[in-house]
Protein chains: 2
Amino acid sequence: MLDNSQYIEKLRSSGLRPTKQRIKICEVLFNSEKTFHFTINELVKRISKSTNEKISLATVYNTVHAFKNKGYLKEIPINSDQSYFDTNTSHHHHFYDETQKDLIDIDDADVEPVKINTRIPGKKIKSVEVLVKVEDDKS
Amino acid sequence: MLDNSQYIEKLRSSGLRPTKQRIKICEVLFNSEKTFHFTINELVKRISKSTNEKISLATVYNTVHAFKNKGYLKEIPINSDQSYFDTNTSHHHHFYDETQKDLIDIDDADVEPVKINTRIPGKKIKSVEVLVKVEDDKS
DNA sequence: TCAACAGTTTAGAACTATTATAATGTAGAA
DNA sequence: TTCTACATTATAATAGTTCTAAACTGTTGA
Ligand SMILES: [Mn+2]
Ligand SMILES: [Mn+2]
Ligand SMILES: [Zn+2]
Ligand SMILES: [Zn+2]
């Protein structure tokens, strides 16, 4: 399969050997037209739907963390209930719909650059992320 | 004690009766000169240090959540390991020092207003929060 | 060809933050 | 004082995540 070569490369560069379980995880994560947000549980469900053989939770966690560390996935801090991940690794911000419990990308072009006029000595900025919480407008 | 009347009011308006355990929690949370960030575990330690009698974990959780719901505390999403809370309820943003695992306030005056040029139909904005992750600058 | 080995998957256990439970305690009203 | 509603507490339950150790697999090289 031609497509798999991309997955194999992603896995190798994350320090993982390309096994069939891991390639299946890649297919679910990176084969879709659009990027998406997910929790581990949601990802496991997606994987179950798209294959007969099941992949253990430990393998899913390990692979997701390796990709996150390599930068192929981002973790989005929303609350302390569960980890949210994002297959969109470009710089962008988020709406979080508290009614639907849904994360929505904000196109980076739709946000004016965030200017912070103070620094912490000896520290450098790794990321600047905006989280806009929204709820149903009943007015 | 004169000071306690403020705590009693905070408790009553949060739907809680002013008991001695809850007033002790208020003292630790709201008596300090400066505002601060904390996890539940850190709060429990602070309480232990400042009193002989111990207060059960359940009471701490319940009281913190009531204050959060009422708006006397804010929850700051950092990661999924633990909940971070903030006694500073004014509008402000944060540095998160990934090296020290430390949350630091950014004075609201030091951040230009965040402009978002898109909306979600039928939703209204509840909050806009900026999280700036920093790490040691070894350069 | 196939034994040895390094790395992988897996089920399940362990861990930890959080929430629920249910028995006991307590502040105030009557 | 007695009654009652609510609080506190220890402890259990829950759930997300990480760890473990045994079975498995793919590759190497004798
Ligand atoms: Mn929460
Ligand atoms: Mn995390
Ligand atoms: Zn996103
Ligand atoms: Zn703060």
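Remember, predicted model here, so these are calculated numbers, not experimental data. First the proteins, then the strands, lettered A, B, ... as listed; each starts at 1. Only heavy atoms go into these numbers, but all of them, side chains included; no hydrogens, no water, no symmetry mates.
The side-chain hydrogen bond (donor to acceptor under 3.5 Å, both in side chains) contacts involving residues 98-111 of chain B comprise A/K126-B/E98, B/H37-B/D105, B/N88-B/D105, B/H91-B/D108, B/H92-B/D105, B/H94-B/D105, where partners must be two or more places apart or lie in separate chains. Listed by first and then second residue, the side-chain hydrogen bond (donor to acceptor under 3.5 Å, both in side chains) pairs involving residues 40-58 of chain A are A/S56-A/T59 (not counting sequence neighbours).
Contacts of A/I23 classified as side chain to side chain contact (heavy atoms under 4.5 Å, CB included), with partners at least two apart in sequence or in another chain: A/N4, A/Y7, A/I8, A/L11, A/P18, A/E27. For the side chain to side chain contact (heavy atoms under 4.5 Å, CB included) test, residues two or more places apart in sequence or in another chain that qualify with A/T19 are A/Q21, A/R22.
In DNA chain D, the stems built from three or more successive Watson-Crick or G-U pairs (distances below 3.5 Å) are C:1-30 with D:1-30.
A/H65 has a side-chain polar atom (N or O) that falls below the 4.0 Å cut-off from OP1 or OP2 of D/dT18.
Rounding to whole angstrom units, CD1 of residue A/I8 and P of C/dT8 are separated by 14 Å. Atom CD1 of B/I40 is separated from atom P of C/dT16 by 18 Å (rounded to the nearest Å). Note: CD1 (A/I25) to C1' (C/dT10) measures 13 Å, nearest angstrom. The CZ atom of A/F38 sits 15 Å away from the C1' atom of D/dT17 (whole-angstrom rounding). For the pair B/Y84 OH and C/dT18 C1', the computed distance is 16 Å after rounding to whole Å. Nucleotide D/dC24 holds its P atom 16 Å from the CD atom of A/E53, rounded to whole Å.
A/T87 and A/Y72 share no donor-acceptor pair across their side chains, judged by distance under 3.5 Å alone.
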- prompt: Going 5' to 3' along nucleotides 6-16 of chain D, which nucleotides have protein heavy atoms under 4.0 Å from the base (write B), which only from the sugar-phosphate (write S), and which from neither (write -)?
  reply: SSSBB-----S
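Counting non-hydrogen atoms of neighbouring residues, nucleotides and ligands closer than 6.0 angstrom, the NZ atom of B/K115 reaches no more than 12 such neighbours.
Remark: aromatic rings of B/F85 and B/F36 are distant, center separation not under 6.0 Å.
Salt-bridge annotation for A/K123 and B/E135: absent, with no side-chain N of the basic residue lying under 4.0 Å from a carboxylate O of the acidic one.
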